[in-house]
Amino acid sequence: MSADTLDFDPNALREKYRLERDRRLRPDAIAQYVEPKGDFSRYIDDPYVEPGFSRAPLTDTVDVVVIGGGFGGLMAAARLREAGVRDIRIIEKGGDFGGTWYWNRYPGAQCDVEAYVYLPLLEETGFVPKEKYSYAAEIRAHARRIGETFDLYKDACFQTEISALTWLDDEHRWLVTTQRDDRIKARYVVMSNGPLNRPKLPGIPGIARFKGHSFHTSRWDYAYTGGDSSGGMDKLADKRVAVIGTGATAVQCVPYLGRDAKHLYVFQRTPSSVDVRGNRPTDPDWVETLAPGWQKQRMDNFNILVSGGQQEVDLVSDGWTDIIRSLISKAAFRSGPTLSPDEMARQFELADFNKMNQVRARVDALVDDPKTAEALKPWYRQFCKRPTFNDDYLPTFNRPNVTLVDTDGRGVDRVTETGLVFDGVEYPVDCIIFATGFEVGTAYTRRAGFEVHGRDGLTLSEKWSDGFKTLHGFYSHGFPNCFHMGVTQNALTVNFPHMLDEQARHIVAVIAHADQRQAQTIEPTAEAETRWVETIRASAVQNLQFRIDCTPGYYNGEGAASARVGLFDGQYGPGPVAFYDLVRRWRSDGAMEGLRFS
Ligand code: NDP
């Protein structure tokens, strides 16, 4: 792509992006948000269970305690079960399996990643999703299906929160205590707490003063709205509703609220990039063609393509593979092997401008009012924020009962007893729905909600006070027999359960290896850990400038100054394909170098 054949001016776009970023930068970054505690703790109460559950405390000893009953915990437990481990206990805060899909039941909740690669263990459970993109209810049911198939319900402690993990050095066991007075001992713990598990509220002055109804999208109050996750919220027919936030969650629930509320105000600080969804029912003829091993093959194909690699066919062929193809593969292809890194970066940027121009043109095509359309256009590079895919969101703003209140990057000015104020105008509402996302970038133990006490009294908060310190993201020196899943120091991928499955297989293989050697403890050496931390820091630098230049959001710690603590902090620069390959080779050579079995 040469600059003279472009139909846009890259310098003007670069400058526009910079201006839009600068006006959103705030010195308080992550600290702008309100934690769901104290007066705000009701925002994380579980609306999906009957109150008053109680049970007798547990005081037994098991092989493995898995923390979290989302797909990570389920996959760890399922793979442990396959490997013959019997004594497992899964501790889960919610009332059932599902993790993020247990909590996120808002109307329209749907997974943006194709169901045939996203839903784990499809072949093992004999299930084929109904549509290319599953809605939340199907995903939640699948989580339950995994629990049933692998006989995990008998091992699950729901509605239970960990209060602390303490390593008992003389017993080579973890003591797991909970808020239900359990004192469970375990040889191993697997922590799969989830990266987006703790809702956050916007730091808008006066937020506590509001006298109407309010809730966070991850605790949808159907008792108030009526209906269910497929809509039909009849109790909103006479209600004025405000949604704060326009991220991936709002993009999905706004069309339903627009349909059902008397009036809907969408308060926007930064617009999302909203691309084509194109959902469709599963074709039974296609299902007939699936041969054993198809899911793994499809997952690998998708993962390689969205990591910038080449494949002969694009099996999933959707918005994700299209974006990455336009951003990475085309640029790399055009650039050829001889171009300098700077020229390659320029090609990426041009491909990005091109893609975002398409996204902005789509807004013009779908939104009638030019002023509203202009306000809904995202001015940043595609991966500064999570891309979204939806065919109903943008047309919702053509409805007469829906108002976009664009706050020009500033956010809502204040909340009153009866409504919200922006730019001197008060918008009276009956209900405020916070679609303001989840805590990212704060201390790991704060988000987990408990402390981990390792050997010699060392806490994980102290150990990780200036960032993760692990070997391959899985284990940390001073914390024997404790495994981490999720985005600690490994390689994030678009298809999160793919990453979790690789992690579960890895953990099970390491435990099996320890059993073979009759080892009591597994722990990385301090030297191996230091080397991995250095590897991660060196490889992360390539992406740092990109994040600094981005508009604020949870991908970059809410702004340039804290870009190191965003979601991508501590990710292996060469990407997930290279990372899985690296740990697979590390496992298979038998030495498992850097890990001490004793
Ligand atoms: P996000 O963090 O992505 O969005 C939060 C929104 O709240 C942003 O639009 C933000 O604006 C806005 N906001 C925050 N403070 C204020 C304020 N003071 N005034 C006005 N607006 C404010 O959270 P989501 O819940 O939307 O999504 C979280 C993640 O969950 C996604 O990125 C995705 O990874 C996952 N998800 C996945 C889905 C899927 O299909 N698989 C569907 C839904 C979510 P600003 O951008 O300016 O900060």
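First listed ligand is number 1; within each ligand, the first listed atom is number 1.
Considering backbone and side-chain N/O of T246, one or more are found under 3.5 Å from N/O of ligand 1. Residue F438 has no nitrogen or oxygen atom sitting less than 3.5 Å from a nitrogen or oxygen atom of ligand 1, judged on distance alone. Considering both main-chain and side-chain atoms, E558 never comes within under 3.5 Å of ligand 1 through any nitrogen or oxygen pair. Among the atoms of Q110, some N or O lies under 3.5 angstrom from an N or O of ligand 1. In terms of polar-atom proximity, Q32 is not counted as a contact of ligand 1, lacking any N or O under 3.5 Å from an N or O of the ligand. Some N or O of R386 is nearer than 3.5 Å to an N or O of ligand 1, by distance alone. Among the atoms of T436, none of the N or O lies under 3.5 angstrom from an N or O of ligand 1. Inclusion of T249 in the set of residues having an N or O under 3.5 Å from an N or O of ligand 1 is warranted.
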Checklist entry - Could you walk me through whether F438 and H216 pass the ring pair (Phe, Tyr, Trp, His ring centres under 6.0 Å) check? => result CA-CA 10 Å; F438 304 86; H216 188 272; 5.4 Å; yes

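Looking at heavy atoms from C-beta onward, I139 lies in side-chain contact with C111 at the 4.5 angstrom threshold. P202 is listed as a side-chain neighbour of F434, based on a closest heavy-atom distance under 4.5 Å. Between E374 and V367, every side-chain heavy-atom pair lies at or beyond the 4.5 Å cut-off. Using a 4.5 Å heavy-atom threshold, the side chains of H484 and N193 count as separate. T282 is listed as a side-chain neighbour of Y116, based on a closest heavy-atom distance under 4.5 Å. In this structure, the side chains of Y33 and E439 stay at 4.5 Å or more apart for every pair of heavy atoms.
Annotation: cation-pi geometry satisfied between R105 and Y48 (NZ/CZ under 6.0 angstrom from ring centroid, within 45° of ring axis). Remark: R277 is positioned above the aromatic ring of Y133, its terminal NZ or CZ atom under 6.0 angstrom from the ring centre and at most 45 degrees off the axis.
Near Q252, the atoms of ligand 1 lying under 4.0 angstrom from a non-hydrogen atom of the residue are 40 (O), 42 (C). Near C111, the atoms of ligand 1 lying under 4.0 angstrom from a non-hydrogen atom of the residue are 40 (O), 41 (N). Here is the list of ligand 1 atoms found below 4.0 Å of a heavy atom in V412: 19 (N). Ligand-side atoms of ligand 1 in range of K385: 45 (P), 46 (O), 48 (O), range being under 4.0 angstrom from any heavy atom. Close contacts of ligand 1 with G411, meaning ligand atoms under 4.0 Å from a residue heavy atom, involve 19 (N), 20 (C). Within ligand 1, counting atoms from 1 as listed, the ones closer than 4.0 Å to a heavy atom of A435 are 5 (C), 6 (C), 7 (O).
Taking the charged nitrogens against the carboxylate oxygens, K355 and D275 do have a contact shorter than 4.0 Å, which makes a salt bridge. Under the 4.0 Å criterion applied to side-chain N and carboxylate O atoms, K296 and D300 are assigned as salt-bridge partners. Between R410 and D408 there is no salt bridge, since none of the side-chain N atoms of the basic residue sits less than 4.0 Å from a carboxylate O of the acidic one. R362 has a carboxylate O that lies under 4.0 Å from a charged side-chain N of D391, or vice versa, which qualifies the two as a salt bridge. We find that D549 and R18 are not joined by a salt bridge, their nearest charged nitrogen and carboxylate oxygen being 4.0 Å or further apart.
One option in G245, P552, C253 has a heavy atom closer to atom 7 (O) of ligand 1 than any other, and that option is G245.
The one candidate from L404, L264, D368 that meets the side-chain contact (heavy atoms from CB on, under 4.5 Å) condition with F397 is L404.
Using a 4.0 angstrom heavy-atom cutoff, G553 does not count as in contact with ligand 1. Distances from ligand 1 to the non-hydrogen atoms of R410 include no value under 4.0 Å. Heavy atoms of Y33 come nearer than 4.0 angstrom to ligand 1 in at least one pair. Within the 4.0 Å heavy-atom shell around ligand 1 one does not find R24.
Of all the heavy atoms of L196, the ones lying under 4.0 Å from any atom of ligand 1 belong exclusively to the side chain. When heavy-atom distances to ligand 1 are checked against a 4.0 Å cut-off, V113 has no atom that comes that close, whether in backbone or side chain. Residue Y380 does not touch ligand 1, judged by heavy-atom distances below 4.0 Å. At a heavy-atom distance under 4.0 Å, no atom of S218 approaches ligand 1.
Nearest non-hydrogen protein atom to atom 47 (O) of ligand 1 is T270 OG1, 2.6 Å. Atom 41 (N) of ligand 1 has as its closest protein heavy atom D112 N, 3.3 Å. The protein non-hydrogen atom at the shortest distance from atom 20 (C) of ligand 1 is I244 CG2, 3.6 Å. From the protein, the heavy atom lying nearest to atom 4 (O) of ligand 1 is G247 CA, 3.8 Å. Looking from atom 43 (C) of ligand 1 to the surrounding protein, the closest heavy atom is Y106 OH, 3.2 Å. In this structure, atom 32 (O) of ligand 1 lies nearest to the protein heavy atom Y554 OH, 2.6 Å. Looking only at protein heavy atoms, the nearest one to atom 11 (O) of ligand 1 is R269 NE, 3.7 Å. For atom 1 (P) of ligand 1, the closest heavy atom belonging to the protein is G437 CA, 4.1 Å.
Within 6.0 Å of atom CZ in R23, more than 12 heavy atoms from other residues, nucleotides or ligands are found, so the atom counts as buried in its surroundings.
For V577, the side-chain contact (heavy atoms from CB on, under 4.5 Å) partners two or more places apart in sequence, or in a different chain, are N303, I304, S307.
For residues 210-224, the pairs satisfying salt bridge (charged side-chain N to carboxylate O under 4.0 Å, His left out) are K211-E417, with sequence neighbours left out.
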